[in-house]
Amino acid sequence: MKGILRIAAGHLFTAFRERVTLFWFLIFPLFLLTILTLIFGNMGQEGEISFAISVVNLESNTAGPVDFAAIVEGVFEETGTASEEGKEPLFTLTHPSDGEDLEEFLAREKEALRLGHRAAVIVIPEGFNQELLERMMRSGSSPSENGAFTIYINEGNAASEMATSIIEQILSGIDRQFLAHVGRFQEEEAIPSETLWVGSGGEELSYVDFLLPGVILMGFFVNGLFGVPGSILFARDRRVLRRYWVTPLTVPRYLAGFSLGHLTLCLIQFALIFMLARFAFRATITFAEPMPILFLLLGAITFLTFGFFIASVAKTANAGMAIANILNMPMMFLGGLFFPIGGLPTFLKVIVYANPVTYLAEGLRMSLGIQGETFSIPLTLAVPVGWIAFCIFVASKRLSWDVKR
Amino acid sequence: MRAFQALLHTEYTVFLRDKASLTFTFLFPLIFILIFGFLMRGMGDVEDARLGLFVPAGVESKILERTVSSAGSMSVTRYDDQPSLQAALEKRTIDFGLIWDGTKLLFLYDSSRVQENYAFEEVATGITADFNLAHQGLSPALTVEKIHVGREAATDWFNLVVPGILAFSILSAGLFAVSGHITAMKERKLLDRMIVTPMRPIALLAAIICVRLAVVYISTLITLFIAMTVLKLTFAVDWFRYTVFVATSTLGMMGFGTLIALLVRKPSSASNIAHILSIVMMFLAGIYFPIEIMPSYLRTLSKALPLTYMAEALRYATGVIDMTETRFWGITVAMFALAVVLLPLLARYVVSADRR
C-alpha cells in the first residue's frame, strides 16, 4: 500500500512541477469557463447587446390627425437610451446632421450598411401617415402585399439579421398600439402569452450552470487524453519505468498508484473549477448527490483508461501526443460539452454517437436535473463502461512497459 | 546569400519531416471548419425550428395554425396532450412547444438549451403578436419590406465563417511558426552551434519565415478549395489582394510570434502562450458569431485584436463583404508594418544562445 501511495504522490508532484501540465489541467479549464461565461452568459439580453442603426423619416405631411411617422421614429429614439444605468441601449442611432438632405443621408447610411458599419437602416417613406391610416381601416379585409416600411439590411453581416428581427418585434408592438388607437384592436380581448420552462426545476437555466458540468468533464478529458499517455510514454522513453521494474514494484501496483494520483488530480481540478463557477459566476448547481458523483467518477475513469489506450497504440511519447491532439478537438466539441450538437449532419453524428464524452455529458447533466432524458440513464452508463472495458482490453494486450531493445 | 539558401533548404526539409507541424498546418483549418462551422451554424437561426403544438379537443385552432404556418419555414408537429409535448421537448424531438387552450398561449422551452432559447422566444413573440391580430380579424398594418444591401455571396453562414477560419489559421500558424521553432532549437542547443558560425540572425529568421509563409499560403488555398468543392460555397476571390493579405498578415503574426519567443525559453511555454492568445481571439474576433452580441467591454477588446481585422480583410478579399479600399490597405499595411518593425528588431535577441 505504501508503494502505491508513493507512486500516487510522485505522479501528483510531477504534474504540479510541469508548467505544461498545470496550464492544460488547471489554467485552461478555468480560462475557458471564464471566457465562455463572459461571452455567452448574457447572450441576446437587452442591456448587453447593441446594434448601430438609423431611422430615416421621409414623411413630410404631418398635418393629418396623427403623425404616425413621428411616433414610430420616437419609439426607436427611445430604444437608443439605456433602460438602466450602466446598461447599453439596444440601438445606437445615427441622425442626419443639421440641414442635411434626407435623401443624401439615406444614401450615406446605405453605404455605411454595405460596409458593415450599420446593422439596419429603417426608412419611413413619404406618404406614410396617409397610407398607414388606410391600411389600418381595411386591416383584416385585404392584407397588404407591399411593405409600409423599408428596412435595408446586409445579409453579409450576422448582426444585421439579429437587429432586423428585433426591429420587427418592435414594429409589431407599435402596430398593435396604432390599431388599438383607431379602435380596431380591443386590448381587453387580447390573448396573453405565458412561458413554461421544462426541466431544471421549472426555471430558466443560467449559462454557467449549463457550462459548468461540461468544463469539469473537459478538464478530466484533457487530463486523461494528454496527461496519462504523456506521463507513461515519457517515463518509458526516458527509461524511468525501467528503473521501477528492477525494484519489487509490480505493474499492477504501479498502475494502482498512477490511477490514484490521476484521480486525485481530477479531484483538485474539480474543486478549483467548481469554486470559480460558484463564487465568481454564481453557479447554483450542486454535485453532492450520488448520481452526479457516479458520473464524475465514471468520467475520470473513462478518460484515464482512454489515456492507457492511447499509450498502448503510440510507439513514442511524441506520437502519443500527436494522437491525443488529433482526437482532442473532435471528441471535445462533438461531445456536447459546450455547444448543442442536435443540428449536426449525419457524418458528424457518427462521431457524436460513438463518443463517450457525449454520454458522460448528457448523463451528468441529466443527473443534475438540468436536462431532460435525451438518452436513457442505463445507456449513458453503459457506453462509457463499454469504452473502459475496450480500452483496458487493448492496453492489457498492447501496452509496453519498457522501451524495445 | 549561399548561407541563406542553405538555411532555406534546411528549414524546408525540417518542416517536411515534422509530421506534427504538417498535420496542424493542413488538417486543423479543415477540422475547424467542419466542427465549429456545423456546431455554430444553427445558433440563433430559427429557420428550421421544430414547433410542437397541443390544442385540447373542442378548442378552435384554425387561426392559430394559419398564424404559425405563416411565421416562417418551421415544421409543426401536433401532440395529443401536454405530457407527450413536454416529453418530446425533453427528448429534443421538437425545439419549443405551444399550447393553446382557448384563453392563453403557453410557450414551452427546454431550460437546458440556454444558447438557443432566446431565438425561439423571439419567434414566440412574433406568433403571439400575429395571432392576437388575426384573432380579432385583423392583419398587420405596419408591414416591412426588407432589401438586401451588399454582395450576394454573403448570404450563407459558411461564406462568412470560412474566411474567418482562414484568418485564424494564419494567426495560429504565424504565432507558432517562429516562437515554437526558435524555442525548440534553443532547447536542443541547436542555436548554440549555429550562432558560432558567421550566420546572421536575420538570415535564420528569414529562412524560417519564407518556408512557413509558403506553407501557410498553400494551406489557406487547400482550405478554400475544399470549402468551395465540398461545402459548395462560392467566393469571388480577388487573388491579388488575397495573396498580398495572406502574406502580410502571416508576416505580421510571425512578428508577434517572435515577441513570444523573446519572452519564453521552452517550446511548450511558447505553445501555451500562443494557444491562449489564439483561443481568446477566436472567440472574441467575430469569427463564428457577431461581436454585437457580446458585452460592451468585450466588444472594445475585440476591436483591439488583430484577428478581428484579419477576418474582415479576408472576407473582403474573398468577395464576401464590402469594405473601403482605404480600410483594406490600411489593415494590410499595418500587418506588414508589424513584421517590418518586430522581426529585424527582435531577431538578434531571439536568435541567441540560451544562457539563462
Side-chain angles (χ1 to χ4, degrees), chain A residues 20 23 35 39 43-44 48-49 51 88 110 113-116 132 135-136 139-140 143-144 147-156 158-159 165 169 171-172 175 179 184-185 190-200 204-205 207 210 322 329 333 339 342-344 348 370-374, chain B residues 20 31 35 38-40 42 86 89-92 104-116 118 122 125-126 128-129 131-132 135-151 154-155 160 268-269 272 280 283 290 292-296 298 320-324:
Chain A
V20 183
F23 172 80
I35 195 143
I39 294 174
M43 193 166 92
E48 299 293 342
I49 51 172
F51 301 97
E88 282 213 90
K110 278 163 72 177
L113 176 70
R114 191 178 67 82
L115 296 173
L132 188 65
R135 277 167 181 257
M136 282 192 288
S139 170
S144 309
F149 274 107
T150 304
I151 303 181
Y152 290 97
I153 59 168
N154 183 349
E155 289 176 6
S165 161
Q169 273 185 39
L171 289 176
S172 150
D175 193 22
L179 286 165
R184 301 289 320 268
F185 183 78
I191 307 290
S193 80
E194 291 175 12
T195 296
L196 177 68
W197 296 101
V198 176
S200 187
E204 190 176 9
L205 186 70
Y207 181 71
F210 166 80
M329 287 282 216
F333 287 102
F339 304 106
L344 292 172
L348 285 178
I370 56 175
Q371 185 176 305
E373 278 197 30
T374 42
Chain B
I31 291 178
I35 295 180
F38 281 113
L39 272 179
M40 296 185 177
Q86 283 190 215
L89 190 61
E90 287 189 74
K91 283 223 171 272
R92 301 200 173 176
K104 67 173 187 296
L105 294 169
L106 180 65
F107 287 96
L108 295 89
Y109 306 99
D110 177 350
S111 60
S112 64
R113 300 182 73 168
V114 286
Q115 290 150 309
E116 303 151 285
Y118 82 97
E122 275 184 18
T125 310
T128 307
F131 178 63
N132 257 302
H135 195 247
Q136 295 193 20
L138 302 170
S139 57
L142 274 177
T143 49
V144 167
E145 186 186 4
K146 286 187 267 189
I147 299 174
H148 168 61
V149 172
R151 300 192 187 189
T155 51
L160 280 167
S268 55
S269 307
N272 288 344
V280 169
F283 282 118
E292 283 82 358
I293 66 163
M294 298 178 201
S296 60
L298 289 182
V320 176
I321 63 164
D322 283 314
M323 183 187 258
T324 57

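Chain letters run A, B, ... following the sequence lines, proteins first, then strands; residues in each count from 1.
Taken to the nearest 0.5 Å, the CG atom of B:Leu142 stands 8.0 Å off from the CG atom of A:Leu179. Taken from CZ in A:Arg114 to CE in B:Met323, the straight-line distance is 11.5 Å, to the nearest 0.5 Å. One distance of note links CG of A:Asn154 with CD1 of B:Ile147; it measures 13.5 Å at 0.5 Å rounding. Between the CZ atom of B:Arg113 and the CH2 atom of A:Trp197 there is a distance of 11.5 Å, given to the nearest 0.5 Å. Separation of atoms CG (B:Leu138) and CG (A:Asp175) is listed at 9.0 Å; rounding is to 0.5 Å.
In this structure, chain A has a heavy atom under 4.5 Å from the side chain of B:Leu89, while its backbone stays farther away. With a 4.5 Å cut-off on non-hydrogen atoms, A:Tyr152 touches chain B through its backbone and its side chain both. Both the backbone and the side chain of A:Thr195 come within contact range of chain B, judged by heavy atoms closer than 4.5 Å. Using a 4.5 Å cut-off between heavy atoms, B:Leu298 contacts chain A through its side chain alone, with no backbone atom that close.
Comparing A:Leu171, A:Leu115, A:Ile153 by how many heavy-atom pairs each has under 4.5 Å with chain B, the most go to A:Ile153. Top candidate by heavy-atom pairs under 4.5 Å with chain B, chosen from A:Pro192, A:Ala159, A:Gly116, is A:Pro192.
Of all the heavy atoms in B:Ala141 and A:Met136, the pair that sits closest is CB-CG, 3.6 Å. Contact between B:Phe283 and A:Ile35 at its shortest, heavy atoms only, is CD1-CG2, 4.4 Å. Here the shortest heavy-atom pairing between A:Ile191 and B:Thr128 reads O-CG2, 4.3 Å. The nearest pair of heavy atoms linking A:Arg184 to B:Gln136 is O-OE1, 4.0 Å.
Partners of A:Ser193 according to the side-chain hydrogen bond (donor to acceptor under 3.5 Å, both in side chains) rule, which considers only residues two or more places apart in sequence or in another chain, do not exist here. Listed by chain and number, the residues in a ring-ring contact (aromatic ring centres under 6.0 Å, His included) with B:Phe107 amount to none (sequence neighbours excluded).
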_Chi angles and distances behind the side chain to side chain contact (heavy atoms under 4.5 Å, CB included) call for B:Leu105, A:Glu194_ = CA-CA 6 Å; B:Leu105 294 169; A:Glu194 291 175 12; over 6 Å; no

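Side-chain contact between A:Ile151 and B:Glu145: absent, with no pair of heavy atoms (C-beta onward) separated by less than 4.5 Å.
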